Undergrad: 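I'd like to ask you about the structure that follows.
If you read the sequence from its start, that first residue is 1, and numbering goes on from there. Note that this is a predicted model, so its numbers are computed, not measured.
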Amino acid sequence: MIREIQEKDLNALLELYLHLHEESVQEFTEHLRNTWQTILADENHHIIVKEEDGKLVSSCVCVIIPNLTCGIRPYAFVENVVTHADYRGKGYATECLNYAKEIAEKANCYKMMLLTGSKKDSTLKFYENAGYNSSDKTAFIQWLE
């Protein structure tokens, strides 16, 4: 089943993020709880999950960003695309990305953007097959402390 995250899914999502780049599950602090509540309350912040066998096995985040250009149409930013290592290669991340695209289309977005830290050809090909390209724009990142 593909769906948006529910409040009860926080623990499972944090566990899934161990297959992204986290080294340990985030500690349940007041900051984490406040951030979680902020995300849940934000109608433009969508965490999409794939549930299989009663377990969250894949996810991505899609944030709709209001915009004053391009006909005052918003754009979507996709981040934190992850699939549990035991469930990779089954199309689950593609399902999540397709769901994100549906959300973006319903919001009348004019584009979707996605960044990846991976340089692996298989990962880059995966995003190309999902409809993204790396030739239209150049991304720059500045890490903040």
Side-chain angles (χ1 to χ4, degrees), residues 1-67 73-145:
M1 169 196 315
I2 192 92
R3 61 178 172 81
E4 290 204 44
I5 198 99
Q6 298 170 356
E7 188 168 2
K8 67 177 178 64
D9 295 323
L10 178 58
N11 290 341
L13 182 64
L14 295 175
E15 289 284 336
L16 180 60
Y17 282 165
L18 292 174
H19 297 269
L20 183 61
H21 51 63
E22 297 297 317
E23 294 180 14
S24 63
V25 173
Q26 293 291 322
E27 183 180 339
F28 282 87
T29 63
E30 189 68 24
H31 180 61
L32 183 136
R33 282 187 279 281
N34 290 339
T35 301
W36 180 237
Q37 290 305 312
T38 299
I39 289 168
L40 291 173
D42 185 347
E43 66 181 19
N44 287 319
H45 197 132
H46 305 269
I47 300 178
I48 299 149
V49 295
K50 169 69 176 185
E51 186 178 341
E52 188 72 18
D53 305 322
K55 177 178 185 174
L56 296 190
V57 297
S58 191
S59 180
C60 73
V61 172
C62 177
V63 178
I64 307 300
I65 302 168
N67 181 40
R73 292 175 64 192
Y75 57 93
F77 189 78
V78 175
E79 184 64 276
N80 295 338
V81 180
V82 60
T83 301
H84 188 290
D86 295 342
Y87 291 84
R88 291 183 181 153
K90 299 178 187 232
Y92 297 155
T94 299
E95 287 183 51
C96 290
L97 290 175
N98 288 341
Y99 196 96
K101 185 176 179 182
E102 289 175 20
I103 290 169
E105 288 173 337
K106 286 178 188 171
N108 196 32
C109 291
Y110 77 96
K111 71 178 176 182
M112 295 181 75
M113 295 184 296
L114 178 148
L115 297 174
T116 180
S118 177
K119 306 293 186 214
K120 291 171 43 179
D121 286 337
S122 60
T123 302
L124 302 179
K125 190 70 170 166
F126 165 74
Y127 289 124
E128 287 174 2
N129 289 337
Y132 294 86
N133 75 71
S134 60
S135 60
D136 287 344
K137 298 228 177 201
T138 301
F140 290 88
I141 297 175
Q142 182 179 67
W143 298 103
L144 306 174
E145 290 185 36

Undergrad: So, taking the atom named CD in Glu51 and the one named OH in Tyr92, what distance separates them when rounded to the nearest 0.5 Å?
TA: 11.5 Å
Undergrad: Pair Lys120, Lys125 - check side-chain contact (heavy atoms from CB on, under 4.5 Å), show working.
TA: CA-CA 9 Å; Lys120 291 171 43 179; Lys125 190 70 170 166; over 6 Å; no
Undergrad: When rounded to the nearest 0.5 angstrom, what is the spacing between CG in Asn44 and CD1 in Ile103?
TA: 10.5 Å
Undergrad: Main chain of Phe28, side chain of His31: is a donor-acceptor contact present, judged purely on distance under 3.5 Å?
TA: no
Undergrad: Taking all non-hydrogen atoms of both residues into account, name the closest pair between Ser59 and Leu16 and its distance.
TA: CB-CD2, 3.7 Å
Undergrad: Is there a side-chain contact (heavy atoms from CB on, under 4.5 Å) between Ile5 and Leu56 once you walk through the steps?
TA: CA-CA 10 Å; Ile5 198 99; Leu56 296 190; 4.2 Å; yes
Undergrad: Quick one: do Ile2 and Cys96 satisfy side-chain contact (heavy atoms from CB on, under 4.5 Å)? Show the steps, please.
TA: CA-CA 7 Å; Ile2 192 92; Cys96 290; 3.6 Å; yes
Undergrad: Roughly how far, to the nearest 0.5 Å, is the CZ atom of Arg33 from the OG1 atom of Thr35?
TA: 11.0 Å
Undergrad: Within the supplied structure, the quantity of interest is the number of heavy atoms (other residues, nucleotides, ligands) at a distance under 6.0 Å from Asp121 CG; does it exceed 12?
TA: no
Undergrad: Main chain of Cys62, side chain of His46: is a donor-acceptor contact present, judged purely on distance under 3.5 Å?
TA: no
Undergrad: side-chain contact (heavy atoms from CB on, under 4.5 Å) for Lys137 and Lys111? Distances and angles first, verdict last.
TA: CA-CA 12 Å; Lys137 298 228 177 201; Lys111 71 178 176 182; 3.4 Å; yes
Undergrad: What is the distance from atom CG of Leu14 to atom CG of Asp9, rounded to the nearest 0.5 Å?
TA: 10.5 Å
Undergrad: Would you confirm whether Asp53, through its side chain, and Lys55, through its main-chain N or O, come within 3.5 Å as a donor-acceptor pair?
TA: no
Undergrad: Can you establish whether the number of heavy atoms outside Lys8 located under 6.0 Å from its atom NZ is more than 12?
TA: yes
Undergrad: Out of curiosity, Thr83 OG1 to Glu52 CD, how far, rounded to the nearest 0.5 Å?
TA: 11.5 Å
Undergrad: As an exercise, state the distance from OH of Tyr87 to NE2 of His19, rounded to the nearest 0.5 Å.
TA: 10.0 Å
Undergrad: Quick one: are Leu13 and Trp36 in side-chain contact, heavy atoms under 4.5 Å?
TA: yes
Undergrad: Give me the atom names and distance for the closest heavy-atom approach of Ile39 to Ile47.
TA: CG2-CD1, 3.8 Å
Undergrad: Where is the tightest heavy-atom contact between Glu15 and Val25, given as atom of each residue plus distance?
TA: OE2-CG2, 3.4 Å
Undergrad: Taking all heavy atoms of Val63 and all of Val61, pick out the closest pair and write down the distance.
TA: CG2-CG1, 3.8 Å
Undergrad: Tyr132 and Met112: which non-hydrogen atoms are nearest, and at how many Å?
TA: OH-CE, 3.4 Å
Undergrad: Looking only at heavy atoms, what is the nearest atom pair of Asn67 and Pro74, with distance?
TA: CB-CA, 4.0 Å
